[in-house]
Structure formats: structure tokens, C-alpha cells
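Right, one structure below, let's go through it.
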Number of protein chains: 2
Amino acid sequence: MAEDNVRSQMRKGVLDYCILCILSRKEAYASAIIDELKAADMIVVEGTIYPLLIRQKNQGLLSYRWEESTQGPPRKYYFITEKGRSQLEEMDAAWTELVDSIGKLRNQ
Amino acid sequence: MAEDNVRSQMRKGVLDYCILCILSRKEAYASAIIDELKAADMIVVEGTIYPLLIRQKNQGLLSYRWEESTQGPPRKYYFITEKGRSQLEEMDAAWTELVDSIGKLRNQ
DNA sequence: TAGAATACCTTGCAATACAAGATATAAAAA
DNA sequence: TTTTTATATCTTGTATTGCAAGGTATTCTA
């Protein structure tokens with residue numbers, strides 16, 4: 001297993017959380033979200049992001065609006081809903097607990 | 001998505017790490033590993049653990065020995081290999097980086 | 001002798017992330 | 001004008017993972 005796979009395996013399961021974190025501050029379109037994730041050293045590709053955003057939208061966590069762009073095709077700006085904010089709070093708690101669990105396991 | 005699913009989704013990807021953490025301290029058989037995970041609030045079931053241990057053994061990260069038990073059937077004690085310890089170091093680094101990335105995303 | 005407790009393992013399913021490729025718009029270059 | 005480049009969106013197929021459910025085997029106890 002290459003080092004890359006180690007990191008990519010660990011990313012599984014927290015991407016939903018990451019998306020909600022980003023959109024909790026301001027609306028964004030997919031490519032911009034990918035750029036933000038990269039800036040935080042979370043490498044994610046398009047084939048991962050698009051289905052994920054659609055899933056979260058279908059769950060009512062996100063909504064979106066189209067906006068024209070002078071740089072190319074129109075952009076789909078996603079923004080978080082009230083339900084999404086509740087979910088984010090739950091995820092904050094879950095993340096804290098996970099970090100705590102790993103801490104217990106790692107340091108005896 | 002129920003609160004349980006939020007936590008279970010986040011657990012994905014760190015179970016390999018958890019197993020190596022536990023076995024880095026002392027050898028153990030599957031049921032004992034599950035008990036340790038439960039003690040750290042990481043709920044995992046047999047159907048998850050057995051295939052996972054077999055995978056890690058096939059990757060050369062673990063090895064095992066049989067030991068008779070007076071309480072029932074013989075136990076398969078797994079222990080970490082040198083390769084497993086290297087892997088654990090990589091996972092420590094990956095975990096630290098992941099926590100760091102989430103921190104960046106969450107706190108602006 | 002039957003049941004309970006302990007331990008191992010497998011099968012089939014659903015969900016996730018990724019690689020690869022398809023489609024569409026607008027600007028720039030030929 | 002036509003082609004290329006850049007920017008966007010999205011889909012399809014695949015591998016992996018974790019889980020629910022069920023199956024097998026050993027030892028002790030009632």
C-alpha cells in the first residue's frame with residue numbers, strides 16, 4: 001500500500017463533513033470547493049465531488065442556484081440549508097469523538 | 001441520516017489504523033480487539049473485523065499464532081510485524097495531517 | 001445429552017471514492 | 001472563420017470497505 005493510499009483511505013468518511021465546513025462560510029461551486037480542499041491538503045477529484053454534492057442536495061443539506069460566468073459555462077453555486085447546519089453540528093460532535101477515540105487507542 | 005450513521009460514516013477509513021494501534025502494544029485475538037475498540041467508543045462488529053485482519057495479514061502487516069483456550073475454541077492471536085510498524089508510522093503521519101486539514105477547513 | 005458461551009469465518013449487499021471519459025460554454029489563437 | 005484552450009458540469013464503471021446475517025466448531029454446565 002503506497003503512502004498515497006494510506007491518506008486516501010483515511011479521507012473516506014470525512015468528505016461530507018469537509019464540504020459542509022466549506023459551505024458553512026460561503027456558497028461555492030464545485031471547482032472552487034475542490035480548490036479549497038486542495039489548499040487544506042485534502043486532494044479530491046471531480047468524480048468524487050459531483051456525486052457527493054448531488055447526494056447532499058438530495059438529502060436536503062444543500063441547495064443551489066445557477067450563475068452566469070464570463071469565464072466559461074455557468075456555475076452551480078451550492079449553499080448550505082438549515083438542515084445542513086444541523087447536520088454540520090452533529091458532524092462536529094462526531095469528529096470530536098472520533099479524534100478522542102483515536103487518541104485513546106493510540107496513547108494507550 | 002441518523003446520528004449513528006454520521007459516526008459510522010466517519011469511522012470508515014480509520015479502522016485499519018485502529019487495529020494497528022491496538023496490536024502495536026500487545027498481541028490479541030479478534031474478540032479482544034473488538035472489546036478494546038468498544039472501550040474507546042469505536043463500535044465494530046465481527047463481520048468487519050475478521051476480513052480486515054485477514055487483509056492486513058495478507059499485506060504482511062500482521063502475523064498470527066494459534067493458542068488453546070480453556071474457555072472454548074482456540075484463539076487466533078494476531079501480532080504486528082516490522083512492516084506493520086512501518087505502516088503504523090505512516091498512518092500516524094496521515095492521521096495527524098488529516099486532523100490538521102480538518103482543522104484548517106473548520107476554523108476558517 | 002442439550003444448551004449456552006466463546007470463538008472462528010463467509011456471503012451478499014449498499015455505499016463510497018476514484019479513474020476515465022463525455023458534454024457544453026466562452027475566450028483566444030490560428 | 002475555424003480550431004484550440006480553459007473552464008465548467010456530469011456520468012459510467014470499478015474496487016474497496018463495512019455491515020447484517022448466517023454458518024461452523026469447541027468447551028463447559030445444567
Side-chain angles (χ1 to χ4, degrees), chain A residues 1-2 4-20 27-38 42-59 61-62 64-78 91 94 98 101, chain B residues 1-2 4-20 27-38 42-59 61-62 64-78 91 94 98 101:
Chain A
M1 199 189 298
D4 248 15
N5 290 8
V6 171
R7 295 210 61 197
S8 117
Q9 166 67 6
M10 278 194 182
R11 275 196 300 272
K12 287 180 202 297
V14 297
L15 275 180
D16 277 287
Y17 181 40
C18 293
I19 301 298
L20 292 185
E27 62 177 13
Y29 61 104
S31 302
I33 293 174
I34 292 176
D35 289 343
E36 277 213 51
L37 288 170
K38 277 186 189 153
M42 293 273 301
I43 307 304
V44 178
V45 296
E46 297 182 341
T48 300
I49 280 292
Y50 284 101
L52 195 158
L53 288 170
I54 291 167
R55 279 200 304 273
Q56 292 192 325
K57 193 259 305 172
N58 289 341
Q59 288 168 9
L61 308 178
L62 304 180
Y64 67 84
R65 63 180 181 79
W66 285 101
E67 185 171 304
E68 297 296 318
S69 165
T70 56
Q71 312 284 0
R75 296 168 176 173
K76 203 172 188 176
Y77 277 84
Y78 282 93
M91 285 181 164
L98 182 64
S101 288
Chain B
M1 198 188 297
D4 247 16
N5 291 6
V6 171
R7 296 210 59 196
S8 112
Q9 166 67 7
M10 277 195 183
R11 275 197 298 271
K12 288 180 200 298
V14 296
L15 274 180
D16 277 288
Y17 182 40
C18 293
I19 301 298
L20 292 185
E27 62 177 13
Y29 61 104
S31 302
I33 293 174
I34 291 175
D35 289 344
E36 278 213 50
L37 288 170
K38 277 186 189 151
M42 293 273 302
I43 308 303
V44 178
V45 296
E46 295 184 342
T48 300
I49 280 291
Y50 284 101
L52 196 159
L53 288 169
I54 291 168
R55 279 201 302 274
Q56 292 192 325
K57 192 260 303 171
N58 289 341
Q59 287 167 10
L61 309 177
L62 304 180
Y64 66 84
R65 64 181 181 80
W66 285 101
E67 185 171 304
E68 297 296 319
S69 165
T70 55
Q71 312 284 0
R75 296 169 176 172
K76 203 171 186 175
Y77 278 84
Y78 281 92
M91 284 180 164
L98 182 63
S101 289

A:Leu52 and A:Val44: side chain to side chain contact (heavy atoms under 4.5 Å, CB included), yes or no, with the steps? CA-CA 11 Å; A:Leu52 195 158; A:Val44 178; over 6 Å; no
Test side chain to side chain contact (heavy atoms under 4.5 Å, CB included) on B:Met10 and A:Met91; report intermediate values, then the result. CA-CA 9 Å; B:Met10 277 195 183; A:Met91 285 181 164; 3.8 Å; yes
Does B:Gln56 form a side chain to side chain contact (heavy atoms under 4.5 Å, CB included) with B:Leu20? I'd like the steps, not just the answer. CA-CA 9 Å; B:Gln56 292 192 325; B:Leu20 292 185; 4.0 Å; yes
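If you take CH2 of A:Trp66 and C1' of D:dT9, they are 6 Å apart, rounded to a whole angstrom. The OH-P distance, from A:Tyr50 to C:dG21, rounds to 18 Å in whole Å. Between the NZ atom of A:Lys57 and the C1' atom of D:dC10 there is a distance of 13 Å, rounded to whole Å. Distance A:Gln56 CD to D:dC10 C1': 17 Å, rounded to the nearest Å. One atom, CD1 of A:Ile54, and another, P of C:dA17, lie 14 Å apart when rounded to the nearest Å. Following rounding to the nearest Å, A:Gln59 (CD) and C:dA15 (P) show an atom-to-atom distance of 10 Å. Per the geometry, CZ belonging to A:Arg75 stands 4 Å off P belonging to D:dA8, to the nearest Å. Straight-line distance from the CD1 atom of B:Ile34 to the P atom of D:dG18: 13 Å, rounded to whole Å.
Here the side chain of A:Arg55 is nearest to one of C:dC9, D:dG18, C:dA17, namely C:dA17. Distance from the side chain of B:Tyr78 is smallest to C:dC9 among C:dC18, C:dC9, D:dG18.
B:Met42 is listed as a side-chain neighbour of A:Leu98, based on a closest heavy-atom distance under 4.5 Å.
With sequence neighbours excluded, the residues satisfying side chain to side chain donor-acceptor pair (under 3.5 Å) with A:Glu67 are A:Arg65. Listed by chain and residue number, B:Ala30, B:Ser31, B:Glu46 satisfy the side chain to side chain contact (heavy atoms under 4.5 Å, CB included) test with B:Tyr50 (two or more places apart in sequence, or in another chain). A:Pro51 pairs by the side chain to side chain contact (heavy atoms under 4.5 Å, CB included) definition with A:Arg55, not counting sequence neighbours. Listed by chain and residue number, B:Trp66, B:Glu68 satisfy the side chain to side chain contact (heavy atoms under 4.5 Å, CB included) test with B:Pro74 (two or more places apart in sequence, or in another chain).
Over its full length, the helix from C:dT1-D:dA30 to C:dA30-D:dT1 turns its helical axis through 20°, comparing axes from the five pairs at each end and rounding to 10°.
Residue B:Lys76 is the one, among B:Lys76 and A:Leu52, whose nearest nucleotide of DNA chain C lies closer to the 5' end (criterion: closest heavy atom).
Phosphate contact (OP1/OP2 of C:dA17, side-chain N/O of A:Arg11, threshold under 4.0 Å): absent. Between A:Ser8 and C:dA17 there is no side-chain N or O to OP1 or OP2 distance below 4.0 Å. Applying the 4.0 Å criterion to OP1 and OP2 of D:dT16, one finds that B:Lys12 has every side-chain N and O outside that range. Contact annotation: B:Tyr29 side-chain N/O to C:dA7 OP1/OP2 distance is under 4.0 Å.
Taking the six-membered ring for Trp, A:Tyr77 and A:Tyr29 have ring centres closer than 6.0 Å.
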How does protein contact run along nucleotides 20-30 of chain D, one letter per nucleotide 5' to 3', with B for base contact, S for sugar-phosphate only, - for none, heavy atoms under 4.0 Å? BB---BBSS--
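Tested against A:Tyr78, the residues A:Leu61, A:Ile19, A:Ile54 include a single side-chain contact (heavy atoms from CB on, under 4.5 Å) partner, A:Ile54.
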